[in-house]
Amino acid sequence: MEWLFILIIAVLAIVAVVMFVAFARIKKKAGSLERRLNALYNASNKYIMLWKDDLSYVYVNDALRMKLFSLGANADAGFVLSVFDSEKTPDKFSPATLIVNALDESGTESVFNDLTGNPCYIKWRSDSVEVKGVSGFIMSVGSDETELRYLKNELYKQRRDNFISEENFEMAMESAEIGIIHISTHALPYIEMSPVGKKMLGFNSIDDITLEDLKEKVYAVDLNNYEHKLKNLLNGNSSALEIEIKMLSANNEYHNFMLKWNGTKDEFGTLTKITGAFIDVTSQRERYSLYDAVSLLDPMSGLYNRKGFMEKGSELLALLNRNKENENFGNAVMASIKIERMLKITSLFGNEMWERLIKCYAEGLVKFTGENSVAGRIGTDDFALIIASDNPYHDIEAFTKELFLFLENNCDDNTLPANLKDQVRFDAGICIYDGMDDIQTLYYKANIMLYASSEIGNKICHYYNDDVEKKLHDRELIEFEIGHALKYNEFELYYQPKVSFRTGEIIGAEALIRWNHPKRGIIYPYEFIPVAEDIGIIIKMDEWGLKQACNQNKYWQVKGYRNIKVSVNMSQIQLYKTNVVETLKRALDESGLEPQYIEIELTETMAVQDIKHTIRVLENIKKLGVSISMDDFGTGYSSLSSIKQLPIDILKVDRSLIHDLCDNPASENIARAVIEMGKAMNFLVVAEGVETQEQWDILNKLGCDEAQGYFHGKPLSAADIEKKFLMADSV
């Protein structure tokens, strides 16, 4: 019997262990489920409360906890309700109303003062739920509508201000319709729209609305502008979207809508939502239709202004496209016309004569164009013209000739002064309509040719082509990116060796700037230096280059390499517009480089622009112990007497005098004369562009001191100069 008793005890023990393990697993699973539920609640950007209908239990997620009373505070039922309770809280927003009407399908609203003391409005949606099989729980999900309230008030004010008198305001408020929109940017953009907004745009109240649905409502002419601004908002490039566009309304007609949307970002700068409103302003626009018609005209010339030209020109292109569908397509040509020397004319003849000239141009534009054309005054001295024509090249050439003769003939001392005859010149950028471009693009292409006209001859008409646009586009790209390149160290100095004829060894190097573009690779100075000069950034580049060259040369000396002299080019702006002496002194002091190891190069053309100023600056540079060379000698127009006055040490013979040295006896005689002249003036003479052994031998025979060119090395990076020249010398 004992063994049977022991067996029963063992079985009971095993059953107890199994039940304990099972219970532990269930408890662990329940705890895991609760943790996942908490994590889900807290990951939401919505405000979530889980509470019992007898208020014996209230749970709030982190988003609401932080908004109400800080992350670590106790959140029992009494405390949560006390936050919502306030003497200033209207009855319809009170906690009691929230509890009683929690399951109302229309939702309920509560208001409280947040941690900053500002009122916060939350719209709640609630539903009954079971938690662990226990009923009596209610889950409320809230959306913060504070921004929308402020926005709605602002739009009401904007609508009010659009009316002529305050008397219309009350009537307007009664008929006003404002649509509210909320776009969540988590995952795919999700749109919530107020019932009034859906009704205005013809959506059903139960429709799920997407960005594509909204896009389809936008009038075709406004679509590009709307998409551009929405894209900037979604990408975080702008914080708001404000635009007036036409949209298809519920009555299947296009109405004018004013949109104002604001983006909200999290602490990491990521866009989380877009909230805003839209309002129908069609009635206001109709009220001002007469004003709008007048606003399309330029009062001085009587032609269309820029806005009017673009609108009427767009209508003309639309007409041509409709004719295209009827197999009767007509071509068109766009001309962008600019008066030459307008500032000079105004200063010589006065504003009254300037106005008469503008009116004369306007008369000519109307006189020599037919009905199927649109003319406008786009700017102070800019006009635009679009002509429908089956022979656009012939017609635009004929028009410009007639306009030119008309202007000259009006310089008769009646309409215009006779001595203005030589001044009434204009350029015309021309683009032929290809059936594809819109009016803005067509005008842009024509206008491009005005900027390029100085480079492509003296004709009046300059026709658009892709090559010119690419060139200007590249320049615009450089203008846009060059400041970024300087800030983020995309520039780099390359060094071209200078070699002694006497020893055949490297004795110096010229520092030459390169742009190491992250996408386009190496960009050479001739591409970006003129742009840098035009936009004024060349001064910063000059200072950077000088400092970099001094630091690099000092670094080579510290590493024990041969001591060489590095030469740096000085720009004309640096010479005449900055304190280059102070800049040079600062670069030497900061780098610790001794002044005899740096050389400043300037061209003879820039040196003689203001010879007295140049002499004064160069003498102060010499006092620092820095040597000075004249670059590109032989290409300028300076006199020998001017050169003699300049305190320079080195004369660099331009490569144009070297390239045919072996084939042209005259070139050898010129080189000999320049070298002998340099020697007579106690200059050290350097030949640029030495590329062959034959050139080297002739220049050596002529007594030249140094050579620079591809024969000994093209411009190399600092690391390559070390390996090829300096490192070998230090061994």
Side-chain angles (χ1 to χ4, degrees), residues 285 287-320 332-389 392 395-418 420-421 423-431 433 439-440 442-444 446-447 450 460-461:
R285 293 297 164 257
R287 185 185 299 272
Y288 296 125
S289 59
L290 179 60
Y291 167 78
D292 288 341
V294 174
S295 70
L296 299 180
L297 299 177
D298 171 55
M300 183 183 295
S301 66
L303 302 175
Y304 288 113
N305 59 19
R306 176 184 285 271
K307 180 182 178 183
F309 177 79
M310 294 302 172
E311 286 190 12
K312 298 304 178 182
S314 184
E315 292 174 6
L316 178 60
L317 293 183
L319 176 63
L320 292 175
V333 57
M334 169 74 78
S336 176
I337 300 170
K338 186 174 188 65
I339 304 175
E340 291 184 5
R341 299 186 290 273
M342 195 67 190
L343 184 61
K344 181 179 179 182
I345 293 172
T346 305
S347 61
L348 290 176
F349 297 94
N351 286 327
E352 182 182 352
M353 196 58 60
W354 168 66
E355 291 186 13
R356 287 164 62 181
L357 180 60
I358 293 295
K359 293 176 181 178
C360 195
Y361 266 89
E363 183 182 350
L365 261 65
V366 174
K367 182 180 180 67
F368 300 112
T369 55
E371 294 182 358
N372 293 328
S373 64
V374 179
R377 183 177 176 223
I378 305 299
T380 303
D381 52 359
D382 298 288
F383 297 87
L385 174 69
I386 183 169
I387 306 173
S389 170
D395 288 353
I396 197 64
E397 290 281 353
F399 162 75
T400 53
K401 289 177 182 177
E402 289 173 333
L403 178 62
F404 184 77
L405 292 174
F406 175 76
L407 294 169
E408 282 196 334
N409 291 336
N410 273 280
C411 296
D412 54 3
D413 282 336
N414 292 318
T415 306
L416 298 170
L420 193 59
K421 188 172 185 177
Q423 305 292 334
V424 287
R425 299 289 186 268
F426 62 90
D427 284 318
I430 310 296
C431 184
Y433 180 52
I439 189 69
Q440 294 279 2
L442 200 60
Y443 174 72
Y444 165 75
N447 204 46
L450 291 181
I460 293 177
C461 294

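Index from 1, following the sequence. All values below come from the heavy atoms of this structure, side chains included, with hydrogens, waters and symmetry mates left out.
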*Asks:* Could I get the full list of side chain to side chain contact (heavy atoms under 4.5 Å, CB included) partners for Asn372, not counting sequence neighbours?
*Replies:*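 Per chain and number, Asn372 pairs via side chain to side chain contact (heavy atoms under 4.5 Å, CB included) with Ala388.
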
*Asks:* Got a sec, which pairs hit salt bridge (charged side-chain N to carboxylate O under 4.0 Å, His left out) with one end in residues 379-389, sequence neighbours left out?
*Replies:*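 Output for this query lists Lys338-Asp381, Lys338-Asp382.
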
*Asks:* Which atom pair, heavy atoms only, marks the closest approach of Met353 to Leu416?
*Replies:*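 Taking every non-hydrogen atom into account, SD-CD2, 4.1 Å.
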
*Asks:* For the CG atom of Asn305 and the CE atom of Met310, what is their distance to the nearest 0.5 Å?
*Replies:*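 One gets 10.5 Å once the value is rounded to the nearest 0.5 Å.
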
*Asks:* Looking only at atom types and distance, does a side-chain atom of Arg306 sit under 3.5 Å from a main-chain N or O of Gly379, one as donor and one as acceptor?
*Replies:* no

*Asks:* Does some side-chain heavy atom of Asn410 sit less than 4.5 Å from a side-chain heavy atom of Tyr361?
*Replies:* no

*Asks:* State which residues pass side-chain hydrogen bond (donor to acceptor under 3.5 Å, both in side chains) with Lys312; sequence neighbours excluded, sorted by chain then number.
*Replies:*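 Not a single residue meets the side-chain hydrogen bond (donor to acceptor under 3.5 Å, both in side chains) criterion with Lys312.
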
*Asks:* Look up atom CG in Leu385 and atom CD1 in Ile396, then write down how far apart they are to the nearest 0.5 Å.
*Replies:*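 One finds 5.5 Å between CG of Leu385 and CD1 of Ile396.
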
*Asks:* Answer yes or no: are there more than 12 heavy-atom neighbours, outside Gln440 itself, under 6.0 Å from its atom CD?
*Replies:* no

*Asks:* How long is the gap from CG on Leu297 to OH on Tyr304, to the nearest 0.5 Å?
*Replies:*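 Rounded to the nearest 0.5 Å, the CG-OH separation comes out at 6.5 Å.
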
*Asks:* Drop me the distance from Ser301's OG to Ile358's CD1, to the nearest 0.5 angstrom.
*Replies:*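 Ser301 atom OG to Ile358 atom CD1 measures 7.5 Å (nearest 0.5 Å).
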
*Asks:* I'd like to check the side-chain hydrogen bond (donor to acceptor under 3.5 Å, both in side chains) partners of Ser373; sequence neighbours left out, ordered by chain and number.
*Replies:* Thr369

*Asks:* For the CD1 atom of Ile386 and the CZ atom of Phe309, what is their distance to the nearest 0.5 Å?
*Replies:*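 Reported to 0.5 Å precision, the distance equals 6.0 Å.
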
*Asks:* Could I get the full list of side-chain hydrogen bond (donor to acceptor under 3.5 Å, both in side chains) partners for Glu363, not counting sequence neighbours?
*Replies:*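 With neighbours one apart ignored, the set is empty.
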
*Asks:* Can you name the residues that form a salt bridge (Lys or Arg N to Asp or Glu O under 4.0 Å) with Asp395, not counting sequence neighbours?
*Replies:* none

*Asks:* For atom CZ of Phe426, decide whether the heavy atoms of other residues, nucleotides or ligands shown that lie under 6.0 angstrom number more than 12.
*Replies:*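 Atom CZ in Phe426 is crowded, with more than 12 foreign heavy atoms closer than 6.0 Å.
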
*Asks:* Determine whether Met334 and Tyr443 make a side-chain contact, defined as any pair of heavy atoms from C-beta on separated by less than 4.5 Å.
*Replies:* yes

*Asks:* Do Asn409 and Thr415 have side chains that approach each other closer than 4.5 Å (heavy atoms only, starting at C-beta)?
*Replies:*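 The answer is no; the side chains never approach within 4.5 Å.
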
*Asks:* Are Cys360 and Phe406 close enough that some pair of their side-chain heavy atoms sits under 4.5 Å apart?
*Replies:*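 The answer is yes, as the side chains (C-beta and beyond) meet within the 4.5 Å cut-off.
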
*Asks:* Grab the two heavy atoms, one from Ala428 and one from Thr400, that are nearest each other, plus how far apart they are.
*Replies:* CB-CG2, 4.4 Å

*Asks:* Which pair of heavy atoms, one from Asn447 and one from Ser336, lies closest together, and at what distance?
*Replies:*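 Residues Asn447 and Ser336, closest heavy atoms: OD1-OG, 2.8 Å.
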
*Asks:* For residues Cys411 and Pro417, report the shortest heavy-atom separation together with the two atoms involved.
*Replies:* CB-O, 3.4 Å

*Asks:* Which heavy atom of Ile378 sits nearest to which heavy atom of Ala384, and what is that distance?
*Replies:*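 Scanning both residues completely, I find the closest heavy atoms to be CG1-CB, 3.5 Å.
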
*Asks:* With the side chain counted from C-beta on, respond yes when Phe368 and Ile387 share a heavy-atom pair under 4.5 Å apart, and no when they do not.
*Replies:* no

*Asks:* Measuring from Leu317:CG to Tyr433:OH, what's the distance to the nearest 0.5 Å?
*Replies:*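 It is 5.0 Å, given to the nearest 0.5 Å.
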
*Asks:* Taking all heavy atoms of Glu408 and all of Arg425, pick out the closest pair and write down the distance.
*Replies:*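 The answer is OE2-NH1, 3.7 Å.
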
*Asks:* Does the pair Trp354 and Ile339 meet the rule for a side chain to side chain contact (heavy atoms under 4.5 Å, CB included), with working shown?
*Replies:* CA-CA 11 Å; Trp354 168 66; Ile339 304 175; 6.0 Å; no

